[in-house]
2 protein chains.
Amino acid sequence: MGRRRSETVTLGDVAKRAGVSIATASKAINDRGEVAAATRARVLRAAAELSFQPNILAQGLVAGRTRAIGLLTDEFDGRFAIPILLGAENALSNQEMSVLLCDTRGDAIRRNHHIRTLLARQVDGFIVVGDSNDVRASLTADIPVPAVYVYCRSTNPADLCLVSDDEGGARLAIEHLIALRRKHIAHITGPQSYRAARDRAATVHTVLAEHDLRLAGGQPLHGEWSQRWGRHAARLLIATAPEVDAIFCGNDQIASGVTQALTGLGRRVPDDVAIVGYDNWEIFAADCKPPLTTIDLNLQQLGTTAVTHLFAAIDGRPATGVVRQPCRLVVRESTA
Amino acid sequence: MGRRRSETVTLGDVAKRAGVSIATASKAINDRGEVAAATRARVLRAAAELSFQPNILAQGLVAGRTRAIGLLTDEFDGRFAIPILLGAENALSNQEMSVLLCDTRGDAIRRNHHIRTLLARQVDGFIVVGDSNDVRASLTADIPVPAVYVYCRSTNPADLCLVSDDEGGARLAIEHLIALRRKHIAHITGPQSYRAARDRAATVHTVLAEHDLRLAGGQPLHGEWSQRWGRHAARLLIATAPEVDAIFCGNDQIASGVTQALTGLGRRVPDDVAIVGYDNWEIFAADCKPPLTTIDLNLQQLGTTAVTHLFAAIDGRPATGVVRQPCRLVVRESTA
DNA sequence: TTGTATGCGTTATCAA
DNA sequence: TTGATAACGCATACAA
């Protein structure tokens, strides 16, 4: 049964056509010095004429490496995983590495199954993409290759985890509003169960205090990550703290809802109230009316960084601990 | 140099521990009948004790198949590719197949490079995910394995292309509005350069005509796929065709913008004007005020279907032509 | 500089 | 029922 696709051309075919042995052909193609220039040229021409492609399976079998890595994600329909994955895929393919994608759908059995499969495929390493909030069971004990955790934490402090710098992002937002001379700054954000929401809220307090300010409304308004909550919270806020002249929102959807509600209440953005969102999800931020100033997480860069670290680890120079990826302020009309 | 990870356990290790030859161990593990029950049990136990995982590279080398497929996408940050990819990945992993992911970023060189790499990795087939609008150069001539095109067309009519049923989707929307006794139905949609926009607009005309109705405003309003265009078009429409009592929008973002603008103009949704969106992108459709009735493309199912067809093709039963995936009406408050 | 021979881990053939 | 042995395609000591 078709154990070999007839058209497949192997190193043997190349060698035959060039009139040399397989060993010589191999050396020529892999540019090992021990071959005469003329021979090398003959081999390369033969290879080109036959469109020879070395079988990566065979190479991997002998080398013990496959130039492939496993990308593990729990819920990759979430919008955060995508840019990370994209950044990683890009960086990897620049290094001639392939990506084996596995979505575990939050199912531990599925996850273990995927890990076993990937190991059976002899991947050279793992990138684990999380959802920022939860802590992932460390793979380190179960696998013989390096792993890097992105946008999540691992249970093992000796693992390398790359996360977004929530404190830095919140600081960027608040200092921007303060620079605009806003004095009554409020914070509408997502559930307190989210670490990101808690960390950023804490930083909001800190930065305001550094400038002798207090949060308008006294406390952050915790709710959902939705436009609906934004609309609702904005009305609450105007009722309880009508002096508010700036709102830092936990994501762009909330900011969009806030903006809609404020406009409905007759407040002008940014003249009466400046708005800053979070995530720079362009479909919301740039298409809002007015377009939203927001914080970009540099997620794609996060994916790229992960690859860099994974390569270092594969080369025997592993890093460790939690690394924070800086955010970036994107100024649009909502604070212009 | 480290040509083998020391901990790796091979079939030889299992065989030794079970006190049999490698050949016998292989037969026992692969359940080939020609082995005594007791021996088989011994081998399986040894394998379990050593957590033996067969090396898929070696298996693939001898079998000529790898149980891996290549997933090629041009711009996978677009939101349509994601659910398709998710559906495909899910179906594939259910069949113990792995996915090699490649994003070509619309670059032909990159694309060819990826294809060569995937072939060198001996993938058993390809799934090509497009962006619905453009026609993809057929791979068939260049590759020795089957390919299925999803959410795009191929230049070769003999290829199998899976697309969304735009006509059916538009029909669902318009017939829904007609069933609600709306008489003045308008259509606000994306650029005419998009095949989907053209096909749906044509169907809108057809279905209205079937019910002796004409489009409110006379012509579809073609613009961008954005909220901004939705807001703008809604104001245009109210100015030129104030009698409008229903609007079918080309996507959920346009519908969201339309809804915002209508609300600002004092029209109630759905009482004065019913709205239907397209795509069922929940983050927009379900979080709109009011939540949007919309058309779901069943993209995940599209991915699953692609895998089914790819398997058939790999098994020597290829299909051909353009297959349309039916859409689904999702009713929410904007037409309730 | 070139070629021979061996091994990577597995499956399959065929003798024993 | 079992076990040598030969592939699969490639890379590499080592001999020539």
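Chain identifiers are assigned alphabetically (A, B, ...) following the order of the sequence lines, protein sequences preceding nucleic acid strands; residue numbering begins at 1 within each chain. Predicted, not measured: the structure shown is a model, and the values here were computed from it.
- Closest to the B/A36 side chain, of the nucleotides C/dT10, D/dC10, D/dT1, is D/dT1.
- If you check every strand for non-hydrogen atoms under 4.0 Å, B/I22 touches a base.
- Between B/S26 and C/dA12, a side-chain N or O to OP1/OP2 separation shorter than 4.0 Å is absent.
- B/Q59 comes within contact range of the sugar-phosphate backbone alone, with a heavy-atom separation under 4.0 Å but no base atom that close.
- Contact check for A/S93 versus B/R110: side-chain heavy atoms found under the 4.5 Å cut-off.
- Of the side-chain N and O atoms in A/N30, one or more sit less than 4.0 angstrom from OP1 or OP2 of D/dA11.
- Every residue two or more places apart in sequence or in another chain that forms a ring pair (Phe, Tyr, Trp, His ring centres under 6.0 Å) with B/Y151 is listed here: B/F80.
- In this model, no donor atom of one side chain and acceptor atom of the other lie less than 3.5 Å apart for B/Q300 and B/T304.
- A/T24 has no side-chain polar atom (N or O) that falls below the 4.0 Å cut-off from OP1 or OP2 of C/dT1.
- For B/A58, the listed nucleotide lying nearest its side chain is C/dG9; candidates were C/dG9, D/dC14, D/dT2.
- The shortest distance between the side-chain N/O atoms of B/S21 and the OP1/OP2 oxygens of D/dG3 is below 4.0 Å.
- Within the 4.5 Å cutoff, side-chain heavy atoms of A/I29 are placed close to those of A/F52.
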